[in-house]
Amino acid sequence: MTIDLHTHSSVSDGTETPAELLATAVHAGVTVLALTDHDTTAGWAEAAEARPSALTLVRGAEFSTVSPDGRGGEVTAHLLGYLFDPADSAIAAEQERVRGSRRERVRAMGERMAAGGLPIDGEALLARLPADSPAGRPHIGQALLDAGVVGSVSEAFEHVLAKDGPYYVEKYNTPIATAVAMIRAAGGVAVFAHAFARRRGPCVDASVIRDLAAAGLDGVEVDHPDHGPEDRAALRDLAAETGLLVTGSSDYHGTNKTTAIAAETTAPAEFEALVGRAEERASGVEVLAGRDPGAA
Ligand code: AMP
Ligand code: ZN
Ligand code: FE
Ligand code: FE
């Protein structure tokens, strides 16, 4: 089994449509794939439609959250939600709120960039995306690449799009404990994404993960391209101490990032435990398409 539990399609800020993403996954030998677009479930239907029988598809989403940092302040954090009820209205409403704020922020960052002399028109950029899109910095990065300002989207993140850069604007983010509770109330499983991805900016202290574990968090993403060996070891120890599930994932974004699909993977036993939790919370209802509840 090759299990990749964190990938993005062009419905958020990846570069492949859900159908193309599934084809890429199958080509790379992936047998279990989670589609985890930012703050939306809009890609789920196309992915389910395109799913070949050999691939297990895990419905997921990456939630934009804000967390205590454990040092008296706050940091933004990403939370992966898996197998929650697609019809849950609280999650749908919260994701819509975040998407609206994301588009406002593209406008605001675009204005700052234009004022600074960069050839970016946030409004025009948004007009090219679906009306309800979770627009993000990678979309601005793509526009900067198209305009020849940078040589790659990753290069755009080094300065122009950086959190501590001159044009950054924050968006609305859900308090992380609220997001955990929402995902669980909708029958889903909540996993803290790339908790120690320090190159992106300040991260939570270990104490925050302990507190969240006590408050219902299900797991932590340990093997992630942005985690160094020491941080992986620390997260693995934390998981062992608190009973959190351990996942590993590529966080694939197509050509918006340099990471290959399945560059990091999840152990089958951890995946089975994750599915088991969702099945328990859904009181036995089938949670995975084409897969009997409880089948290994
Ligand atoms: P946003 O959610 O709009 O703040 O943008 C953050 C997104 O950009 C996340 O999905 C990251 O995975 C992605 N990202 C962060 N750093 C980079 C990078 N160096 N190159 C490409 N994408 C990145
Ligand atoms: Zn992304
Ligand atoms: Fe993320
Ligand atoms: Fe991601």
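Here the structure is a predicted model, which is why all the values come from computation and not from measurement. All values below come from the heavy atoms of this structure, side chains included, with hydrogens, waters and symmetry mates left out. For ligands, and for the atoms within them, numbers begin at 1 and follow the listed sequence.
- Geometry note: the Fe ion (ligand 4) is the vertex, E62 OE1 and H6 NE2 are the arms, and the angle is 90° (rounded to 10 degrees).
- Of all the heavy atoms of S154, the ones lying under 4.0 Å from any atom of ligand 1 are found in both the backbone and the side chain.
- Its N, O or S atom nearest to the Zn ion (ligand 2) is what matters here, and for D13 that atom is OD2.
- At a threshold of 2.8 Å, the Zn ion (ligand 2) has no backbone or side-chain N, O or S atom of E62 nearer than that distance.
- S250 places no side-chain N or O within donor-acceptor distance of the main-chain N or O of A263, the cut-off being under 3.5 Å.
- D237 contributes atom CG, which lies 10.5 Å from atom OG1 of T242 (distance to the nearest 0.5 angstrom).
- Side-chain N/O atoms of S64 and D39 include a donor and acceptor closer than 3.5 Å.
- Between the side chains of Y167 and R137, no donor-acceptor pair is found at a separation under 3.5 Å.
- With respect to F192, the side-chain contact (heavy atoms from CB on, under 4.5 Å) criterion is satisfied by exactly one of L80, V204, T65, V222: V204.
- Between atom 6 (C) of ligand 1 and the options K163, R137, H194, E158, the minimum heavy-atom separation is to R137.
- For a distance bound of 2.8 Å, the N, O or S atoms of H253 include one lying that close to the Zn ion (ligand 2).
- Close approach of ligand 1 to R102 is summarised as follows: ligand atoms under 4.0 Å from at least one heavy atom of the residue are 1 (P), 2 (O), 3 (O).
- For E62, the closest heavy-atom approach to ligand 1 does not fall below 4.0 Å.
- From the protein, the heavy atom lying nearest to atom 10 (O) of ligand 1 is H38 NE2, 2.7 Å.
- Considering backbone and side-chain N/O atoms, D13 comes within less than 3.5 Å of an N/O atom of ligand 1.
- Under a 4.0 Å heavy-atom criterion, H8 is not in contact with ligand 1.
- Counting atoms of ligand 1 from 1 in the listed order, those under 4.0 Å from a heavy atom of K257 are 11 (C), 12 (O), 13 (C), 14 (N), 21 (C), 22 (N), 23 (C).
- For atom 19 (N) of ligand 1, the choice among Y168, F157, Y252 with the nearest heavy atom turns out to be F157.
- Geometry at the Fe ion (ligand 4): OD1/D251 and NE2/H8 form an angle of 90°, nearest 10 degrees.
- Residue R200 has at least one heavy-atom neighbour below 4.0 Å for each of these atoms of ligand 1: 11 (C), 12 (O).
- Side-chain contact annotation: E16 with S9, donor-acceptor N/O pair under 3.5 Å absent.
- Close approach of ligand 1 to G136 is summarised as follows: ligand atoms under 4.0 Å from at least one heavy atom of the residue are 3 (O).
- Side-chain atoms of H139 and D13 include no donor-acceptor pair closer than 3.5 Å.
- For N256, every heavy-atom contact with ligand 1 shorter than 4.0 Å involves the backbone, none the side chain.
- Residue-ligand proximity, R105 to ligand 1, at heavy-atom distances under 4.0 Å covers atoms 1 (P), 3 (O), 4 (O).
- For the side chain to side chain donor-acceptor pair (under 3.5 Å) with E221, the qualifying choice from H78, H194, H6 is H6, the only one to do so.
- Note on H78: not counted as a metal contact of the Fe ion (ligand 4), no N/O/S atom lying under 2.8 Å.
- Side chains of E94 and Y172: a donor-acceptor N/O pair is present below 3.5 angstrom, by distance only.
- Geometrically, ligand 1 and H253 share a nitrogen or oxygen pair separated by less than 3.5 Å.
- Judged purely by distance below 3.5 Å, without hydrogens or angles, the side chains of K163 and T76 pair a donor atom with an acceptor atom.
- Figure legend: cation-pi geometry between R59 and F84 absent, as NZ or CZ is not positioned both under 6.0 Å from the six-membered ring centre and within 45° of its axis.
- Under the 3.5 Å distance criterion, the side-chain polar atoms of S12 are left unmatched by any main-chain donor or acceptor of D37.
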